[in-house]
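Note that this is a predicted model, so its numbers are computed, not measured.
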Amino acid sequence: MAAAAVYDVIVVGAGNAAICAALSASEQGAKVLMLEKAPEAERGGNSLFTAGGFRFVHDGLDDLRGDILQDLSEAEVAQIVLPPLPKQTFVDDLMRVTENNADEGLAELLTGRSRDTMRWMRHHKVRFVPMFGRQSYKVDGKHHFYGGVNIEAVGGGWGLVDQLMKAAERNGIDIRYDTGLVRLIQDKRGKVVGVTAKGPEGFEDLKARAVVLACGGFEANPEMRTRYLGPGWELCRVRGTRHNTGDGIRAALDIGAQPFGGWSTCHAVAWDISAPPYGDRVILDNFQKHSYPIGIVVNMKGERFVDEGADYRNHTYAKYGREIMKQPQRAAVQIFDAKTIGMVRDEYRIRQVTKAEANSIEELAQKLEIDVEGLTRTVREFNAACQPGTYNPSILDGKGTKGITPPKSNWALPIDTPPYAGFVVTCGITFTFGGLRISTEGEVLDLVDRPIPGLYAAGELVGGIFYGNYLGGAGLMSGAVFGRLAGQSAGRHIKNAR
């Protein structure tokens, strides 16, 4: 490919948001090049490491069968209870978990365009199925889905990237691997007219009429993590790609883009303490441990430190990694007994898991090197605090504790039936919340809220959507919605300039 080749649109990145941007720009008739910093064998960004789940507005199972879920048998349908997700509920949940800090304009776009974007992805031959096991509990013989994120791409994150890449190939989109963004090129009027990239043969200027940045946050950059998230964050594990080091954010800030969003917060979860420093492309997201709402979580002193049942897992899991970071040794243990261990998610059953089993709490503490007296006291007090009520893990059942701190607000069953199992976790960072400010057209804005001509952004480097906490399934949905928007706007920009 000649260095002098001029593209209409260059998309930086090759994950969900980037490919959606490339597809959308291509639909506008643009000649598109995608730049992927990673080698081809590591393509896909953070998207590949996800479960592939999407949160979007719908009216329930019958509604979804028409255009999103086209592969369900009648027998499967008969076993599914899947509640609708109204738009206002999506908005309310997003605002609640971010403590009303989410930008209202971006929230409106995300929620309002979510359903149509799912149809658009299905049009590009991305297939979807219900998230059996991960987002449902079997109650009275039926799978009861909960928490608002119930649909995933076939094959999870790997399948999502593969299906989107095949769509990109069908649409004639070029891609260059091992080629990372170094800086943005502007003309004398300040319009972005290309990028300087570094590939296998060194530095190269690539011309374009518009650029879309969709290359993730700075979660894989320990210097930036420590600078913005705080002391100790250089020691956390990275759940996904090692290539998301903030390149797009820094390149945009260097030309006067406006920083926006929750720069001091991130998506961070309970992650197996034996997991490698970066994501494993075989194990993928199975190092996560997200069944804590039906157990208890203690630190190495044997003390509880979060309300495990404060809300659905999808509304709490992305903020509890930060709480684990605050504990001694940056570690915690999730504990279950015989009543609940059979209900944990499949990720607890992989071979690469750090766990212990015992017939007494004292023995379990010894095996896990937890303070024995601390754990036995915590379990004794927790069991005594559990209140009567009907236990139902698929709803907020209100079966909580009384008289202990922190409380457990839902799903509080005594830990009293051996054998007991404990799983050791640390903090795994998924992505950072701080990034660039964009307009409702996907344009990157400067420090006085003016669009930087020719520059657009989508995905995890867009700031203003998540603050302090995160709503499960909203990340991939955001990437798809704003990727499609950015590509569409870039393509229209090209048409208007001709």
Side-chain angles (χ1 to χ4, degrees), residues 1-19 21-22 25 30-49 161 165 168 173-187 190-225 227 238 240-257 259 277-279 281 431-432 435-436 444 452 454-462 483 486-487 490:
M1 190 178 300
V6 176
Y7 285 88
D8 292 318
V9 178
I10 290 176
V11 177
V12 183
N16 167 59
I19 307 172
K31 179 177 175 59
V32 181
L33 170 67
M34 293 174 61
L35 299 181
E36 169 61 292
K37 181 181 180 182
E40 185 171 3
E42 297 180 31
R43 74 181 186 182
N46 266 355
S47 303
L48 185 132
F49 295 91
V161 170
M165 278 295 189
I173 294 166
D174 292 335
I175 182 167
R176 293 179 60 169
Y177 295 101
D178 287 303
T179 305
L181 172 69
V182 175
R183 68 181 183 92
L184 296 164
I185 301 173
Q186 294 174 286
D187 64 17
K191 182 181 185 302
V192 173
V193 292
V195 302
T196 298
K198 187 176 185 295
E201 297 180 4
F203 295 96
E204 183 176 4
D205 288 347
L206 299 168
K207 302 290 183 65
R209 296 183 174 89
V211 172
V212 179
L213 299 173
C215 50
F218 56 85
E219 67 278 355
N221 185 326
E223 187 275 336
M224 291 185 74
R225 286 202 309 266
R227 189 193 325 169
V238 177
T241 178
R242 60 178 174 158
H243 299 288
N244 282 7
T245 53
D247 303 344
I249 294 174
R250 288 186 295 179
L253 295 181
D254 284 346
I255 66 166
Y278 298 99
R281 294 175 72 87
F431 69 95
T432 45
L436 308 175
V444 175
I452 297 175
L455 186 61
Y456 304 83
E460 293 173 356
L461 53 64
V462 170

Nearest heavy-atom pair of [X] and [Y]: which atoms, and what distance?
X: Met34; Y: Ile19; result: CE-CG1, 3.6 Å
X: Gly459; Y: Ala17; result: CA-CB, 3.6 Å
X: Ala457; Y: Leu461; result: CB-CD1, 3.6 Å
X: Ile175; Y: Ala14; result: CD1-CB, 4.2 Å
X: Ala210; Y: Ala490; result: CB-CB, 4.1 Å
X: Ala486; Y: Ala458; result: CB-CB, 4.3 Å

Problem - salt bridge (charged side-chain N to carboxylate O under 4.0 Å, His left out) contacts in which one or both residues fall within residues 177-187, not counting sequence neighbours - result: Asp187-Arg189

How long is the straight-line distance from [atom2] of [Y] back to [atom1] of [X], given to the nearest 0.5 Å?
X: Asn221; Y: Arg227; atom1: CG; atom2: CZ; answer: 7.5 Å
X: Asp254; Y: Leu184; atom1: CG; atom2: CG; answer: 8.5 Å
X: Arg281; Y: Leu48; atom1: CZ; atom2: CG; answer: 4.5 Å
X: Arg209; Y: Tyr7; atom1: CZ; atom2: OH; answer: 12.5 Å
X: Leu455; Y: Leu436; atom1: CG; atom2: CG; answer: 7.5 Å

Problem - For Glu460, the option from Asn244, Thr432, Ile249 that meets side chain to side chain contact (heavy atoms under 4.5 Å, CB included) - result: Asn244

Min side-chain heavy-atom separation [X]-[Y] under 4.5 Å:
X: Glu204; Y: Leu206; result: yes
X: Val192; Y: Val444; result: no
X: Leu181; Y: Leu213; result: yes

Problem - For His243, the option from Glu36, Glu42, Lys37 that meets side chain to side chain donor-acceptor pair (under 3.5 Å) - result: Glu42

Practice task
Give me the one residue out of Thr241, Thr245, Asn46 that meets side chain to side chain donor-acceptor pair (under 3.5 Å) with Glu219.
Solution key: Asn46

Practice task
Run the numbers on Asp8 and Lys31 for salt bridge (charged side-chain N to carboxylate O under 4.0 Å, His left out), then give the verdict.
Solution key: CA-CA 5 Å; Asp8 292 318; Lys31 179 177 175 59; over 6 Å; no

Practice task
Kindly say whether Val161 contributes a backbone atom to a donor-acceptor pair with the side chain of Arg43 at under 3.5 angstrom?
Solution key: no

